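Model, not experiment: these values are computed from the prediction. Protein chains get the first letters and strands the later ones, always in sequence-line order, with residue 1 at the start of each.
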Amino acid sequence: MLDIKFIIENLDTVRDGLEKKGYTKDVLDLDALTALYKEVNKLKTSSQSIAEEKNKLSNAIKSASSEERPSIIAKSKALGEEFKLLQDELNTKQDEFNLMMLKMPNMPSPESPIGPDDSANVVRRKVGNIREFSFTPRDHIELMEINDWSEMERIAKVSGSRTYAIKNDLAQLELAMHMMVLDKLREHGFTVITVPSISKEKPLYGQGYLPFSRDEVYHLPNDDVYLSGTAELILNSLRADEILTENELPILYAGFSPCFRREAGAAGKDTRGLVRVHQFMKTEQFVICKNDINESEKWHQKLLQISEEVLQDLELPYQVLEVCTGDMGAPKYRQYDLEAWVPSQNCYRETHSCSNITEWQARRTNLRYRENESGKVKFVHTLNNTGIATPRALVPFMENHQNEDGTVNIPVKLQPYMGGKKIIGKNC
RNA sequence: GGAUAGAUGGCCGAGCGGUCGAAGGCGCACGAUUGGAAAUCGUGUGUACCCCCAAAGGGUACCGUGAGUUCGAAUCUCACUCUAUCCGCCA
């Protein structure tokens with residue numbers, strides 16, 4: 001959420017930001033928003049002055065004589081009626097205003113490339129060499145089949161499409177990746193935390209998932225709860241409504257959780273294999289820091305660096321993509337995606353998404369801190385980034401590290417988490 | 001699933017229709033005292049919003065959430081949420 005006062009004082013900047021993010025006037029009308037804000041304030045002023053008068057009368061009653069009492073009560077009662085009418089109108093307008101504010105996206109960073117969709121994303125750098133195969137490489141599905149690493153067809157019968165079951169060394173590999181990343185994050189000062197995948201509705205508004213994309217999230221109507229698509233959802237609301245001390249910041253969470261996504265908008269995309277599934281596991285990096293753009297940009301770079309280290313430790317070639325204004329989601333100020341090379345698709349595929357949200361989420365969750373020097377209460381900045389997400393990360397992993405006989409090499413950094421194994425597969 | 005108890009400020013805790021934004025304590029900040037500190041004493045100590053160019057000032061709301069009763073609600077009524085304990089079930 002943005003600050004309404006900021007919006008009003010910087011109408012042109014905000015209009016420009018909206019445009020860059022792909023919001024046209026018929027989606028979000030700033031003139032209507034400011035007019036509504038003024039109307040709400042007017043109603044507030046008049047309803048508050050009635051409340052004031054009413055309070056005065058009520059207070060007068062206790063000291064009034066029994067003769068004056070009935071007339072004061074009658075007066076106060078009449079004011080009460082008037083108050084209620086105004087209050088109803090105010091509530092309606094206020095709800096309308098709140099909804100509009102919930103729909104306002106964050107302003108993009110001036111550093112972000114400007115463009116309407118992913119075609120305008122900019123490759124900032126490529127790291128690692130794309131391997132030249134001396135044989136015809138297999139895709140990850142074939143590799144799983146020849147090594148007896150999966151039960152893809154059978155699990156589809158049990159659990160439906162876009163689910164996966166992997167076994168033997170590959171199952172161990174999946175968990176090993178998370179352990180490796182959690183260890184790394186702990187070394188960087190993160191608090192390792194495992195969180196539920198069950199969420200009430202409110203955190204979805206806090207994160208900025210709602211009111212934007214209800215279709216994407218699983219809803220369990222019997223209990224009116226939702227299945228979380230990322231630990232970010234939970235971690236973002238974990239400290240909601242608190243006023244932290246500045247000394248507590250930054251708060252660094254390494255959150256592990258199963259994640260659920262309906263993939264409603266991805267029909268027909270990546271239907272086979274491990275790239276896009278309804279349920280997966282993710283270790284998430286989440287940062288809560290001071291309200292200072294230099295501070296949060298510093299953390300943004302730090303998070304990016306950590307996930308680059310992860311891909312480097314996994315010895316995967318990757319590129320750093322800076323996401324353009326039109327392709328980043330509403331909550332985001334600035335976003336990088338990391339994409340690892342997938343030989344069978346002859347392209348880079350997203351493994352990490354690293355975002356600075358600035359205070360946009362904190363305004364929604366009402367998460368603040370008291371500044372040491374000024375004693376002022378300010379909204380925190382939040383940031384999030386993937387640590388590692390499986391099984392997707394297994395796709396570039398298997399394909400890049402495969403040998404001609406179908407075995408897969410384990411990079412040195414991961415070997416301790418694989419019981420010292422240097423290579424996995426049926427033929428080794 | 002069944003049965004009880006409960007939800008008050010940063011924390012503990014009183015209040016059970018008006019004088020309550022809320023006693024008292026702890027904590028915290030500032031000041032006095034001290035060579036310095038501890039102890040002691042004094043003062044202060046929530047958030048959001050509205051009016052106001054701003055400051056000063058004035059006002060409204062908030063005692064889990066939402067509705068209701070009343071001239072007036074932390075206090076009474078209802079619903080909901082959450083927490084604790086016991087029983088049952090269970091990885």
Side-chain angles (χ1 to χ4, degrees), chain A residues 1-10 33-98 100-102 194-206 219-226 234 237-249 251 256-258 288 291 359 362-380:
Chain A
M1 213 146 63
L2 296 178
D3 180 3
I4 182 63
K5 288 182 175 155
F6 173 85
I7 295 175
I8 286 171
E9 282 161 24
N10 301 277
L33 181 71
T34 46
L36 192 55
Y37 176 67
K38 280 179 190 155
E39 206 173 334
V40 166
N41 278 353
K42 241 187 205 161
L43 286 167
K44 265 186 197 166
T45 308
S46 45
S47 90
Q48 284 182 9
S49 72
I50 290 178
E52 182 182 357
E53 213 176 317
K54 201 157 83 74
N55 287 344
K56 278 182 185 157
L57 286 176
S58 291
N59 286 329
I61 284 170
K62 58 181 185 280
S63 55
S65 68
S66 48
E67 295 88 70
E68 354 182 73
R69 212 163 266 193
S71 79
I72 301 176
I73 289 176
K75 230 189 205 169
S76 179
K77 219 171 184 172
L79 271 179
E81 303 285 313
E82 200 182 329
F83 178 76
K84 204 168 179 182
L85 284 176
L86 266 178
Q87 199 65 33
D88 286 347
E89 198 184 345
L90 174 60
N91 287 341
T92 310
K93 296 282 181 199
Q94 183 78 60
D95 288 349
E96 210 180 307
F97 173 75
N98 291 345
M100 268 184 111
M101 287 300 284
L102 282 174
T194 64
V195 296
S197 303
I198 296 171
S199 175
K200 299 201 224 178
E201 190 174 64
K202 206 172 168 194
L204 285 138
Y205 280 97
H219 179 224
L220 276 46
N222 285 350
D223 302 288
D224 197 23
V225 292
Y226 297 80
I234 308 297
S237 280
L238 194 61
R239 312 299 293 267
D241 297 312
E242 291 186 34
I243 299 178
L244 307 167
T245 63
E246 187 177 329
N247 299 340
E248 289 176 78
L249 301 175
I251 294 173
F256 175 85
S257 78
I288 300 169
N291 190 319
E359 63 176 37
R363 282 186 174 274
R364 294 174 161 241
T365 56
N366 197 28
L367 174 53
R368 297 164 295 171
Y369 70 104
R370 194 180 303 277
E371 224 173 33
N372 281 340
E373 200 144 310
S374 66
K376 274 191 188 158
V377 174
K378 289 189 167 174
F379 289 102
V380 298

Whether the side chain of A:Ser197 engages the backbone of A:Pro258 through a donor-acceptor N/O pair (distance < 3.5 Å, no angle test) should be reported. yes
What nucleic acid atoms does A:Ile61 come within less than 4.0 Å of, heavy atoms only: base, sugar-phosphate, or nothing? base
Output the rounded distance in Å from CG (A:Asp224) to P (B:C82). 11 Å
With rounding to whole Å, what would you report as the distance between B:A73 and B:G25 at their P atoms? 30 Å
Checking base pairs now: Watson-Crick or wobble, both atom distances under 3.5 Å. What partners B:A14? none
What's the gap between B:G17 and B:A48 when it is taken at their P atoms, as a whole Å value? 33 Å
Give the nucleotide from the list B:C50, B:U47, B:C71 with an atom nearest to the side chain of A:Arg368. B:U47
Between A:Arg370 and B:U47, is there a contact of a side-chain N or O with OP1 or OP2 at under 4.0 Å? yes
Taken to the nearest whole Å, CD1/A:Ile198 to C1'/B:C82 is 16 Å
Applying the Watson-Crick and G-U wobble criteria at under 3.5 Å, what pairs with B:C90? Answer none if nothing qualifies. none
Short side-chain N/O contact from A:Asn366 to OP1 or OP2 of B:U47, under 4.0 Å: no
Think A:Asn59 has a side-chain N or O under 4.0 angstrom from the OP1 or OP2 of B:G18? no
pair_partner(B:A56), Watson-Crick or wobble, both distances < 3.5 Å, evaluates to none
Quick note, A:Lys54 side chain, CB onward, closest among B:C82, B:C51, B:G72 is B:G72
If pairing requires Watson-Crick or G-U wobble contacts with both distances under 3.5 Å, which nucleotide is the partner of B:C82? B:G6
For residues A:Val40 and A:Leu90, determine if any side-chain heavy atom of one lies less than 4.5 Å from a side-chain heavy atom of the other. yes
What's the gap between B:G9 and B:G24 when it is taken at their C1' atoms, as a whole Å value? 14 Å
Would you measure the distance from the P atom in B:G10 across to the matching atom in B:G68 and give it in whole Å? 28 Å
So, is A:Lys84 near the phosphate of B:G68, with a side-chain N or O under 4.0 Å from OP1 or OP2? yes
Using atom CD1 of A:Ile8 as one end and atom P of B:C50 as the other, report the distance to the nearest whole Å. 9 Å
Give a yes/no on whether any side-chain N or O of A:Asn55 is located under 4.0 angstrom from OP1 or OP2 of B:U60. yes
When rounded to whole Å, the CD to C1' distance for the pair A:Gln87 and B:G68 reads 15 Å
Could you tell me the separation between the CD atom of A:Glu52 and the C1' atom of B:A61, rounded to a whole number of Å? 13 Å
Whichever of A:Lys77 and A:Val377 has its nearest RNA chain B nucleotide further upstream toward 5': A:Val377
With respect to A:Gln94, which candidate in A:Asn91, A:Thr92, A:Asn98 satisfies the side-chain hydrogen bond (donor to acceptor under 3.5 Å, both in side chains) definition? A:Asn98
Pick the P atom in B:G18 and in B:A74, then give their distance to the nearest Å. 10 Å
Need one value for A:Lys200: base, sugar-phosphate or nothing, where a base atom within 4.0 Å counts as base even if backbone is also close, heavy atoms only. sugar-phosphate
Nearest nucleotide by nearest heavy atom, which residue falls closer to the 5' end of RNA chain B, A:Gly80 or A:Lys44? A:Lys44
Closer than 3.5 angstrom, by distance alone: can the side chain of A:Tyr37 be matched with the main-chain N or O of A:Lys5 as a donor-acceptor pair? no
According to a strict under-4.0 Å criterion, is A:Lys5 in side-chain N/O contact with OP1 or OP2 of B:C50? yes
Considering every strand shown, what is the Watson-Crick or G-U wobble mate of B:U19 when both distances are under 3.5 Å? none
Spacing of the P atoms in B:C16 and B:G21 (rounded, Å): 15 Å
d(OH, A:Tyr369; P, B:U47) in whole Å: 15 Å
For B:U70, the Watson-Crick or wobble partner whose two distances fall under 3.5 Å: none
Short side-chain to backbone donor-acceptor contact, A:Glu89 and A:Leu86, under 3.5 Å: no
If we take the C1' atom in both B:A14 and B:A7, what is their distance in whole Å? 15 Å
In whole Å, I'd like the distance from the CD atom of A:Glu371 to the P atom of B:A29. 17 Å
Sort out the partner of B:C30 for me: Watson-Crick or G-U wobble, both distances under 3.5 Å, none otherwise. B:G42
Closest to the A:Ala51 side chain: B:C71, B:U60, B:U47? B:U60
P atom, B:U60 versus B:U83: distance in rounded Å? 36 Å
Using a cut-off of 4.0 Å on non-hydrogen atoms, how would the nucleic acid contact of A:Ser76 be classed: base, sugar-phosphate, or nothing? sugar-phosphate
For A:Tyr37, answer base if it contacts any base atom (sugar-phosphate contacts may also be present), sugar-phosphate if it contacts only those atoms, and nothing otherwise; contact means non-hydrogen atoms under 4.0 Å. sugar-phosphate
Does A:Glu81 come within less than 4.0 Å of A:Lys77, counting only side-chain N to carboxylate O? no
What is the pairing partner of B:A37, taking Watson-Crick or G-U wobble pairs with both distances under 3.5 Å in any strand? none
Any donor and acceptor pair, going by atom type alone, linking the side chain of A:Arg239 with main-chain N or O of A:Thr365 inside 3.5 Å? no
Any side-chain to backbone donor/acceptor pair from A:Ser237 onto A:Ile234? Under 3.5 Å, distance only. no
Between A:Leu79 (CG) and B:G72 (P), how many Å, whole number? 11 Å
Which nucleotide in B:U47, B:G59, B:G72 has an atom nearest any side-chain atom of A:Gln48: B:G59
